[in-house]
Amino acid sequence: AATAIVQSSAATIGIVMADLDGKITEANEAFFSMTGCRREDLPIDWVAMTPPEWIDQDRQMVLQIKDRGIVPSFEKEYLCADGSRLPVLIAGVQLKEEGDKVLCFILDLRERKKADKELKHSQATLASIFKAAPVGIGMVVDRVIVHVNDQLTRITGYTPDDILGKSAMFLYPDKEE
């Protein structure tokens, strides 16, 4: 039954069967695709695929599998066949009926990591513009002022504490505007 799960063609989730000694004995095409390994490379030494800074965490996860039979999802990296690093989210469960093999599910995090990096860059750019703008800027969400720059406080004479959390109407001289 476990072999059928591993051989399934889950397009984006790598599925591997491994032993507690660090050998991947079965894997699906998604795993091979993301790592650059090949089926003929089996068994694959997952310890050798692990960068040195992740080895201690892997040892802890092996102890947890032995102790609890399951390892909740955690992030790590693999060294791919081409030498690049692959950030992954991995979770596993021990299958005692399969001779203490571990069934692991591996999600490629490259796109998420790239998106996170781009988001941080965009946030830093926006924060820089917001701070350096020569005009007063206030951010309003649901008609409530949630952020103001120094120029707006200078122009209005209010402190951020005076403005934040108030209705944006607070800054209008009358209700018609």
Side-chain angles (χ1 to χ4, degrees), residues 1-132 139 141 146-147 149 160 164-165:
T3 299
I5 292 171
V6 172
Q7 296 305 323
S8 70
S9 59
T12 58
I13 298 175
I15 304 173
V16 301
M17 183 80 75
D19 61 35
L20 294 173
D21 297 322
K23 299 288 184 222
I24 295 172
T25 56
E26 297 179 55
N28 71 348
E29 290 305 315
F31 175 80
F32 293 128
S33 176
M34 68 175 76
T35 63
C37 294
R38 301 169 312 189
R39 188 166 301 285
E40 49 271 14
D41 296 333
L42 292 172
I44 299 168
D45 185 350
W46 59 260
V47 176
M49 290 180 66
T50 302
E53 66 270 21
W54 295 98
I55 295 292
D56 286 341
Q57 181 181 355
D58 275 6
R59 286 186 187 122
Q60 291 301 315
M61 294 304 120
V62 168
L63 291 175
Q64 190 170 356
I65 284 266
K66 287 178 179 178
D67 184 46
R68 298 186 184 140
I70 191 167
V71 90
S73 61
F74 67 98
E75 287 189 31
K76 69 171 277 180
E77 289 181 318
Y78 279 129
L79 294 172
C80 294
D82 66 3
S84 65
R85 287 178 176 240
L86 172 68
V88 296
L89 183 68
I90 185 168
V93 61
Q94 188 175 21
L95 302 173
K96 295 203 182 273
E97 67 277 3
E98 296 284 334
D100 287 339
K101 297 263 181 158
V102 179
L103 183 64
C104 297
F105 300 91
I106 302 161
L107 184 62
D108 181 342
L109 295 180
R110 282 181 288 208
E111 289 301 316
R112 190 191 96 195
K113 296 286 185 179
K114 180 182 174 190
D116 286 349
K117 185 177 180 182
E118 290 171 358
L119 177 61
K120 285 178 185 173
H121 177 73
S122 293
Q123 288 173 328
T125 300
L126 181 60
S128 176
I129 292 168
F130 193 81
K131 183 175 180 136
M139 291 177 62
V141 175
V146 295
H147 197 63
N149 70 353
L164 296 176

For Val62, run the side chain to side chain contact (heavy atoms under 4.5 Å, CB included) check against Leu20, Asp21, Asp67 and tell me which one passes.
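So the option named by the test is Leu20.
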Test: side-chain hydrogen bond (donor to acceptor under 3.5 Å, both in side chains). Region: residues 122-131. Which pairs qualify, not counting sequence neighbours?
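As it turns out, there is no side-chain hydrogen bond (donor to acceptor under 3.5 Å, both in side chains) pair with a partner in residues 122-131 once direct neighbours are skipped.
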Hey, could you give me each pair passing salt bridge (charged side-chain N to carboxylate O under 4.0 Å, His left out) that has a residue in residues 115-124? Not counting sequence neighbours.
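Checked against salt bridge (charged side-chain N to carboxylate O under 4.0 Å, His left out) - neighbours excluded - the pairs reaching residues 115-124 are Arg112-Asp116.
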With sequence neighbours excluded, what pairs up with [X] under the side-chain contact (heavy atoms from CB on, under 4.5 Å) test?
| X | value |
| --- | --- |
| Asp108 | Met34, Leu86, Arg110 |
| Ser73 | Leu89, Ala91 |
| Pro51 | Glu53, Trp54, Glu77, Leu79, Arg85 |
| Asp82 | Cys80, Ser84 |

To the nearest 0.5 Å, what is the distance between [atom1] ([X]) and [atom2] ([Y])?
| X | Y | atom1 | atom2 | result |
| --- | --- | --- | --- | --- |
| Ile70 | Ile65 | CD1 | CD1 | 7.5 Å |
| Leu95 | Met17 | CG | CE | 5.5 Å |
| Asp41 | Thr35 | CG | OG1 | 8.5 Å |
| Cys104 | Ile13 | SG | CD1 | 13.0 Å |
| Gln64 | Gln94 | CD | CD | 11.5 Å |

Got a sec, which residues hit side-chain hydrogen bond (donor to acceptor under 3.5 Å, both in side chains) with Asp58, two or more places apart in sequence or on another chain?
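Asp58 satisfies side-chain hydrogen bond (donor to acceptor under 3.5 Å, both in side chains) with Thr50, Lys76 once adjacent residues are dropped.
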I'd like to know if the side chain of Asn149 and the backbone of Ile129 have a donor-acceptor N/O pair within less than 3.5 Å.
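No, the answer is negative, given that no donor and acceptor are paired below the 3.5 Å cut-off.
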Does any part of the side chain of Phe31, heavy atoms only, come nearer than 4.5 Å to the side chain of Ile15, both counted from C-beta?
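In short, these two side chains do not touch, never coming nearer than 4.5 Å.
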Within a strict 4.5 Å, meaning less than it, do heavy atoms of the Thr25 and Leu42 side chains meet?
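Result no, sub-4.5 Å side-chain heavy-atom pair not found.
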So which heavy atom on Val16 is nearest to which on Ala27, and how close?
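Answer, listing the atom of Val16 first, then Ala27: CG1-CB, 3.7 Å.
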Closest heavy-atom contact between Ile44 and Arg38?
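Nearest heavy atoms, Ile44 then Arg38: CD1-O, 4.3 Å.
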Taking only residues two or more places apart in sequence, or in another chain, which ones meet [X] in a salt bridge (charged side-chain N to carboxylate O under 4.0 Å, His left out)?
| X | answer |
| --- | --- |
| Asp56 | Arg59 |
| Lys113 | Glu75 |
| Arg68 | none |
| Lys23 | Asp45 |

Holding to ring pair (Phe, Tyr, Trp, His ring centres under 6.0 Å), I want the full list of residues that pass it with Phe130, two or more places apart in sequence or in another chain.
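Testing Phe130 for ring pair (Phe, Tyr, Trp, His ring centres under 6.0 Å), a comparison that skips the adjacent residues, returns His147.
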